[in-house]
Visitor: 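Just dropping this structure here.
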Amino acid sequence: MLPIDAAAHSSRWRRRPPVDKAALGLGLTALAVSLPPWPGAALVLVAALAVLLGPAGVTPRHLWRAYRVPLGFCVTGAATLLVQVGGPRGLVALDPGGPVRAGELLLRTSAASLGVLLFAFTTPMSDLLPRLVRAGVPAPVVDVALVTYRMSFLLLDAVRRIREAQAARLGHTTRAAAWRSLAGLGATAFVRAFDRAARLQTGLAGRGYDGTLRVLVPEARVSARFVALSVLLLAVLTILTFALERPLS
């Protein structure tokens with residue numbers, strides 16, 4: 001199981017319905033995208049961090065491990081705005097307005113990423129996917145997502161076991177051996193993935209699979225208080241943004 005999935009299953013908000021957490025997490029993401037980057041996205045970023053590390057109970061270590069990958073994409077995307085290609089300044093030159101635009105983009109994307117992570121750290125996929133059928137998503141689409149989600153963990157576990165076996169046989173001692181091990185890893189994982197899929201199909205057929213995977217979903221009532229507090233937080237962030245709005249310079 002990936003660390004973010006393990007954290008979601010042990011979250012303080014594990015038993016809350018996904019609608020409650022979507023109202024907060026995805027609401028913060030929507031504000032980060034729609035409000036002015038300064039101070040709107042900055043306020044959203046601070047609020048998301050406070051909720052993640054506070055009421056949601058996410059540890060800083062787990063948050064950083066999950067956040068550093070999207071943050072790297074945010075920084076890379078913002079860095080491209082610092083230069084301009086072509087024009088009177090030369091083939092490649094610093095853009096005078098680049099730092100401001102890069103800062104605005106970095107604020108927006110990093111804050112939006114935290115909003116999505118807030119939802120991911122508190123909502124296991126096993127709770128979310130079966131409920132999508134009630135939201136109007138076609139059942140076959142949800143079934144494919146459920147199977148893909150399950151198979152991805154099986155494949156990752158197989159890759160880990162193969163790498164451990166290769167390391168035990170000194171398969172990574174030299175560069176040439178490492179490349180041979182990598183090729184063998186890819187080939188073996190490919191074969192095992194097809195074998196797992198074939199066995200899954202056989203098992204489903206033996207259990208009378210009729211095109212729909214029936215999953216028991218525990219009942220959970222939407223908390224009007226939680227949703228109201230989430231909407232209140234979003235409204236306060238919006239009001240503060242327009243009250244403090246000024247250009248980023």
Side-chain angles (χ1 to χ4, degrees), residues 1-11 13-14 18 21-22 25-26 29 58-59 61-74 76 113-133 135 137-218:
M1 182 177 290
L2 296 177
I4 192 170
D5 293 277
H9 280 278
S10 60
S11 171
W13 293 351
R14 167 72 168 82
K21 295 169 283 190
L26 302 186
T29 300
V58 180
T59 62
R61 177 173 173 270
H62 287 156
L63 178 59
W64 171 244
R65 288 185 62 185
Y67 187 45
R68 61 187 178 184
V69 175
L71 183 61
F73 282 101
C74 297
T76 303
S113 300
L114 280 177
V116 175
L117 284 177
L118 173 58
F119 183 71
F121 264 110
T122 55
T123 309
M125 292 296 291
S126 57
D127 285 354
L128 176 63
L129 290 176
R131 289 182 168 88
L132 292 180
V133 177
V137 179
V141 176
V142 176
D143 290 346
V144 171
L146 280 170
V147 173
T148 303
Y149 177 70
R150 174 59 179 164
M151 289 293 293
S152 63
F153 288 106
L154 294 176
L155 184 59
L156 288 174
D157 181 66
V159 169
R160 179 184 60 82
R161 291 175 181 271
I162 295 170
R163 285 184 61 86
E164 290 177 352
Q166 290 176 339
R169 291 168 175 80
L170 305 180
H172 300 149
T173 53
T174 64
R175 180 174 298 181
W179 280 109
R180 286 195 300 269
S181 297
L182 181 61
L185 172 64
T188 306
F190 182 79
V191 172
R192 288 197 178 185
F194 271 87
D195 179 63
R196 292 271 190 177
R199 284 191 287 168
L200 177 63
Q201 179 65 31
T202 303
L204 289 174
R207 290 168 175 80
Y209 177 64
D210 59 357
T212 302
L213 292 173
R214 293 170 177 82
V215 180
L216 292 176
V217 181

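Basis for what follows: all heavy atoms, side chains included, without hydrogens, waters or symmetry-related copies.
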Visitor: Test your reading of the model: is there a side-chain donor-acceptor pair from K21 to the backbone of T122, 3.5 Å cut-off?
Guide: yes

Visitor: Do you know which two heavy atoms are closest between R14 and A8, and how far apart they sit?
Guide: CD-O, 3.5 Å

Visitor: For S11 and A7, indicate whether the former's side chain and the latter's backbone hold a donor-acceptor pair under 3.5 Å.
Guide: no

Visitor: Tell me the closest heavy-atom pair linking A66 and P70, and the distance in Å.
Guide: O-CD, 3.1 Å

Visitor: Report all side-chain donor-acceptor pairs from residues 178-189 shorter than 3.5 Å, counting only partners two or more places apart or in another chain.
Guide:
from, atom 1, to, atom 2, distance (Å)
S181, OG, G171, O, 2.7
S181, OG, A177, O, 2.9
T188, OG1, G184, O, 2.8

Visitor: How long is the span from the CZ atom in R199 to the CG atom in D195, to the nearest 0.5 Å?
Guide: 4.5 Å

Visitor: Pairs in or reaching into residues 168-177: which pass side chain to side chain donor-acceptor pair (under 3.5 Å), with residues at least two apart or in two chains?
Guide: none

Visitor: Any non-hydrogen side-chain atom of T59 less than 4.5 Å from a side-chain atom of F121?
Guide: no

Visitor: Would you mind reporting whether V58 and L118 have side-chain heavy atoms less than 4.5 Å apart?
Guide: no

Visitor: With F119, which of L117, T123, V116 fulfils side chain to side chain contact (heavy atoms under 4.5 Å, CB included)?
Guide: T123

Visitor: Just how far is it from atom CD of E164 to atom CZ of R160, taken to the nearest 0.5 Å?
Guide: 4.5 Å

Visitor: The criterion is side-chain contact (heavy atoms from CB on, under 4.5 Å); which residues satisfy it with V141, sequence neighbours excluded?
Guide: V137, P138

Visitor: Are any non-hydrogen side-chain atoms of R192 and V159 less than 4.5 angstrom apart?
Guide: no

Visitor: How many angstroms lie between atom CG of L71 and atom CH2 of W64, to the nearest 0.5 angstrom?
Guide: 5.5 Å

